[in-house]
Amino acid sequence: MIKPLRDYVVLEKVPEEKKVGSIIIASSHENESALANVIAVGPGYTDPDGHKISVEVKVGDKVIYKKYSTTDFEEGGRKLMLIKDQDIIAVVD
């Protein structure tokens, strides 16, 4: 498993499908949502003033993130994304 450093977070995109009758239509890349599950979280970092800054999300959270701010990679056949904590916009309940 990947262990992110500093304030980085590993996300796995939530698969999005639309159902029309009994036909399942996968979302196109252009219309993908920015919804993902948090898989791993870095330990945070210390700012120049010596204050410990923690990552605001935890493993298992469902989040909305800024599109085009991720580094995509594959591990164990899973498509994952690496993103900075500050590029996560919201936690979905």
Side-chain angles (χ1 to χ4, degrees):
M1 181 63 178
I2 188 166
K3 180 181 174 188
L5 301 176
R6 296 182 44 90
D7 58 340
Y8 280 91
V9 178
V10 178
L11 302 176
E12 183 172 34
K13 185 167 247 342
V14 172
E16 183 179 337
E17 297 177 338
K18 294 180 182 177
K19 193 170 185 180
V20 179
S22 61
I23 300 172
I24 297 174
I25 303 170
S27 67
S28 68
H29 184 65
E30 298 161 356
N31 297 325
E32 283 184 0
S33 74
L35 190 63
N37 291 317
V38 176
I39 303 300
V41 177
Y45 66 100
T46 303
D47 71 8
D49 296 327
H51 299 103
K52 175 74 173 168
I53 308 296
S54 301
V55 177
E56 293 186 47
V57 296
K58 63 185 180 310
V59 173
D61 282 349
K62 186 179 285 189
V63 298
I64 299 172
Y65 61 93
K66 290 181 185 177
K67 285 189 175 184
Y68 311 113
S69 61
T70 64
T71 300
D72 300 336
F73 65 98
E74 251 186 75
E75 182 183 86
R78 295 167 71 185
K79 292 183 180 180
L80 303 174
M81 302 173 286
L82 192 62
I83 189 170
K84 287 189 77 72
D85 175 46
Q86 67 189 19
D87 291 327
I88 296 173
I89 302 169
V91 176
V92 179
D93 288 332

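Computed from a prediction, not measured in an experiment: that's the story for all the values here. Any value given below was found using the heavy atoms of this structure, including those in side chains, with hydrogens, waters and symmetry copies removed.
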How long is the straight-line distance from [atom2] of [Y] back to [atom1] of [X], given to the nearest 0.5 Å?
X   : Y   : atom1 : atom2 : result
I89 : K67 : CD1   : NZ    : 10.5 Å
L82 : T70 : CG    : OG1   : 9.0 Å
L80 : T71 : CG    : OG1   : 12.0 Å
Y8  : Q86 : OH    : CD    : 8.5 Å
D72 : L11 : CG    : CG    : 10.0 Å

Side-chain heavy atoms under 4.5 angstrom apart, residues restricted to Ile, Leu, Val, Met, Phe, Trp, Tyr: same cluster for L35 and M81?
-> no
Cluster link I83 to V57, ILVMFWY, side chain under 4.5 Å | yes
Nearest heavy atoms of [X] and [Y], plus distance in Å:
X   : Y   : result
E75 : I2  : OE2-N, 3.3 Å
S69 : K66 : OG-O, 2.5 Å
E12 : K79 : CG-O, 3.9 Å

[Y] side chain reached by [X] side chain, heavy atoms, under 4.5 Å:
X   : Y   : value
V63 : V92 : no
K58 : V38 : no
V91 : K62 : no
Y65 : K13 : yes

For residues 39-56, run the donor-acceptor check on the side chains, cut-off 3.5 Å, and write out each pair with its distance to 0.1 Å, sequence neighbours left out.
unit_1	atom_1	unit_2	atom_2	d
D47	OD1	D49	N	3.0
D47	OD1	G50	N	3.0
D47	OD1	H51	N	2.8
K52	NZ	P43	O	3.0

